[in-house]
Amino acid sequence: MSAISIGVVGGGASAVCLIDALVMAKGGPGSLTVFEPSPNLWRGRAYQVDSETIKVNATPDDMSVRAGDPHHFIRWLGARERMLGESYGLDPFSGARFAPRTVYGEYLEQTAYAGLAELRRQGWRVDLVGDSVTSARRTEDQVVVSTGRGMTSSFDYVVLCVGGDGPKDVYGLAGSPGFIADPYPVSQNLRTIGAAERVAVIGSGLTAVDIVLSLAAQGHRGPISLVSRRGVLPGVRQREAHFELRHLTQERMRALARSRREISVQEFTAVVQRELHEAGVDMPALHAELASLDGEPPADRLRRQFAAVNASDLGLRILQRAVPEIGPDVWPVLGEQDRAEVLRLHYRTVMSLCCPMPPSSAAVLLGLIDEGRLDIRSGLDSATAGRGGGLTLSLLDGTVLRTDRVINAVSASEGRIPQGAAPLVNTLIGDRAASLHPHGGLHVLRATSQLTTDGASDPRLYGLGTIAAGSLFFTFGVQSLVDRGVDIVDAILEHAAARTASHTAESLLPA
């Protein structure tokens, strides 16, 4: 196979997974160029240098960037602890380990640079460009990209690893005194908050939990309110239990996807129920849990789930493993109406249960609730800056909250295309090389993550991570990034080998 050139747009966690997959494939030689304008190279927004108070919400075996090696991060973490004489203790309630996110970012950095060094040993040329890609156009054989500073480069293959966007300013508070538009890094953006100030957090997801934990750690004593439309907190992760999935496996779901153009939610639900039934799951209890988000006060739900950390029933654990593992395979073969209904009615439920907080985080929140320092409210209607200073939040039940600070923890825009990547995406759409997905991001193929337009894919263009969320669902988890990274590398190398074989055959034809 002749040398290939790959351009990677974005240098966060998804790019690290792609690089590691490329290293393990040993498909070179070639050239690899990574474009990343931010100072958080390899860490992205989620894992930048920050307070060790905020933790990864998954155990180390779910955070390995190496396909087929769930202990890759565990070994790295153990070596780091021995070298520095540090220890990130086990969660006292579940016995699991949850590493600080800033430490996980260090793992991403070291894995990326080790991977680039290995690629060089394999004969690759590697370049890092600290600039953003603003446009791309296809020629007959390559993709030409241009950067904000006018650099132009041509590649055989381009992979979009542009990550997610920052919090969405739903209520137009940007620039208002007392409003913090983005809490990260919390060690910088929250440190000016006075110990007795009244704080409201817009949102109630994992980012909101990070904010509460950080404020508590820095000695904040004033009242904190988590305020959102539904008041749904992340679930509480239960103690790990060993089990094997029988029906909700990638192999079976991919076989189903290959054999069927479309399946209904009812058909998929039957597979889920078979898995749960064979595991002896208490189905009435699981149904009650899934229906509890809007009918149970959030503090009561948090307390009940915290009390169930060591429960023996496997229902939630099965769902928490299955959704990120098989979501990208099942989602594309569900009917369009079914997908729309899942997003409209069940998305928040799925995210709450499948992206749970560590039990130790839940314990801190419950302690603050019991002390009267934290409350969780639903029905947020509006947020405005006061004329005489401070900010005001109004709820649908008529309650008015007046605060000194409002911290934005709202999820990124539904479009799932970060603002910085919009110029690039617009040129791809204009070139009919990409198309917007109605549920967010761009259309990609399930099997290869190639960008598609009107059902036609281009083997030179790929999307990895949140930009493919509309097509694949749950694309931001590390294990999903790992699996899709392998898919992309396999597709690139297979296409490159076929192209080389074709050129070789042509050269052998008589003149």
Side-chain angles (χ1 to χ4, degrees), residues 2-23 27-45 48 108-109 112-113 115-120 122-166 417-434 441-442 444 449-451 453 458-468 485 488-489 492 495-496 499:
S2 60
I4 60 175
S5 58
I6 302 174
V8 179
V9 183
S14 55
V16 178
C17 295
L18 183 76
I19 289 168
D20 199 74
L22 192 60
V23 169
S31 69
L32 176 72
T33 303
V34 179
F35 298 87
E36 176 52 62
S38 86
N40 299 317
L41 183 60
W42 311 125
R43 290 174 173 263
R45 179 172 173 270
Q48 59 189 298
L108 292 174
E109 283 184 337
Y113 286 121
L116 296 181
E118 175 59 28
L119 286 176
R120 290 188 177 102
Q122 293 179 16
W124 288 74
R125 171 180 170 174
V126 174
D127 294 296
L128 302 178
V129 179
D131 198 1
S132 58
V133 175
T134 56
S135 68
R137 60 181 176 84
R138 296 175 294 177
T139 63
E140 183 177 352
D141 296 319
Q142 291 190 307
V143 179
V144 180
V145 305
S146 300
T147 71
R149 292 200 289 264
M151 174 183 173
T152 299
S153 306
S154 298
F155 300 100
D156 298 318
Y157 306 95
V158 170
V159 185
L160 307 186
C161 298
V162 295
D165 219 345
I417 295 173
Q419 184 176 358
L424 166 62
V425 170
N426 288 338
T427 63
L428 289 170
I429 293 172
D431 190 38
R432 297 190 60 77
L442 300 176
V444 303
S449 293
Q450 292 170 2
L451 301 189
T453 304
D458 191 324
R460 298 172 294 178
L461 291 165
Y462 300 81
L464 177 59
T466 307
I467 199 166
I488 291 171
V489 168
I492 287 175
H495 181 265
R499 185 183 60 181

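The figures here come from the full heavy-atom set of this structure, side chains too, leaving out hydrogens, waters and symmetry mates.
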Set of side chain to side chain contact (heavy atoms under 4.5 Å, CB included) partners for Ser132, sequence neighbours left out: Pro37, Thr134
Contacts of Ser5 that satisfy side-chain hydrogen bond (donor to acceptor under 3.5 Å, both in side chains) - sequence neighbours left out: Asp156
Nearest heavy-atom contact between Thr466 and Gly163 is CB-O, 4.1 Å
Any Ile6 side-chain heavy atom under 4.5 Å of Trp124 side chain: yes
Is the closest side-chain heavy-atom distance between Val425 and Ile467 below 4.5 Å? yes
Which distance, rounded to the nearest 0.5 Å, do you find between the CG of Asp165 and the CD of Gln419? 6.5 Å
Quick one: which of Arg460, His495, Gln450 gives a side chain to side chain donor-acceptor pair (under 3.5 Å) with Tyr157? His495
Apply salt bridge (Lys or Arg N to Asp or Glu O under 4.0 Å) to Arg138 and list each qualifying residue two or more places apart in sequence or on a separate chain. Asp431, Asp458
Of all heavy-atom pairs linking Ser135 and Thr427, the shortest is CA-OG1, 3.4 Å
Which residues pass the side-chain hydrogen bond (donor to acceptor under 3.5 Å, both in side chains) test with Glu109, sequence neighbours left out? Arg43
For the residue pair Gly463 and Ile488, what are the closest heavy atoms and their distance? O-CD1, 4.1 Å
Does Arg120, at its CZ atom, have more than 12 non-hydrogen atoms belonging to other residues, nucleotides or ligands within less than 6.0 Å? yes
What residues form a salt bridge (Lys or Arg N to Asp or Glu O under 4.0 Å) with Arg149, not counting sequence neighbours? Asp131
Leu428 and Ala136 have their tightest heavy-atom pair at CD2-CB, 3.8 Å
Closest non-hydrogen atom pair, Leu451 against Ala434: CD1-CB, 4.0 Å
Interatomic distance, Leu119 atom CG to Ser31 atom OG [nearest 0.5 angstrom]: 11.0 Å
Residue of the set Leu461, Leu442, Val444, Leu464 for which side chain to side chain contact (heavy atoms under 4.5 Å, CB included) holds with Leu160: Leu442
side-chain hydrogen bond (donor to acceptor under 3.5 Å, both in side chains) involving Glu118 - partner list, sequence neighbours excluded: Arg121, Gln122
For Leu41, give me all partners under side chain to side chain contact (heavy atoms under 4.5 Å, CB included), at least two apart in sequence or on another chain. Glu36, Tyr113, Leu128
Calculate, to the nearest 0.5 Å, the distance between atoms CD1 and CG belonging to Ile19 and Leu116 respectively. 4.5 Å
Quick one: are Tyr462 and Ile492 in side-chain contact, heavy atoms under 4.5 Å? yes
Can you list the residues that meet the side-chain hydrogen bond (donor to acceptor under 3.5 Å, both in side chains) rule with Arg125, with sequence neighbours excluded? Asp127
Let me know which of Thr33, Val158, Leu18 forms a side chain to side chain contact (heavy atoms under 4.5 Å, CB included) with Val8. Leu18
Which pair of heavy atoms, one from Leu424 and one from Val133, lies closest together, and at what distance? CB-O, 3.5 Å
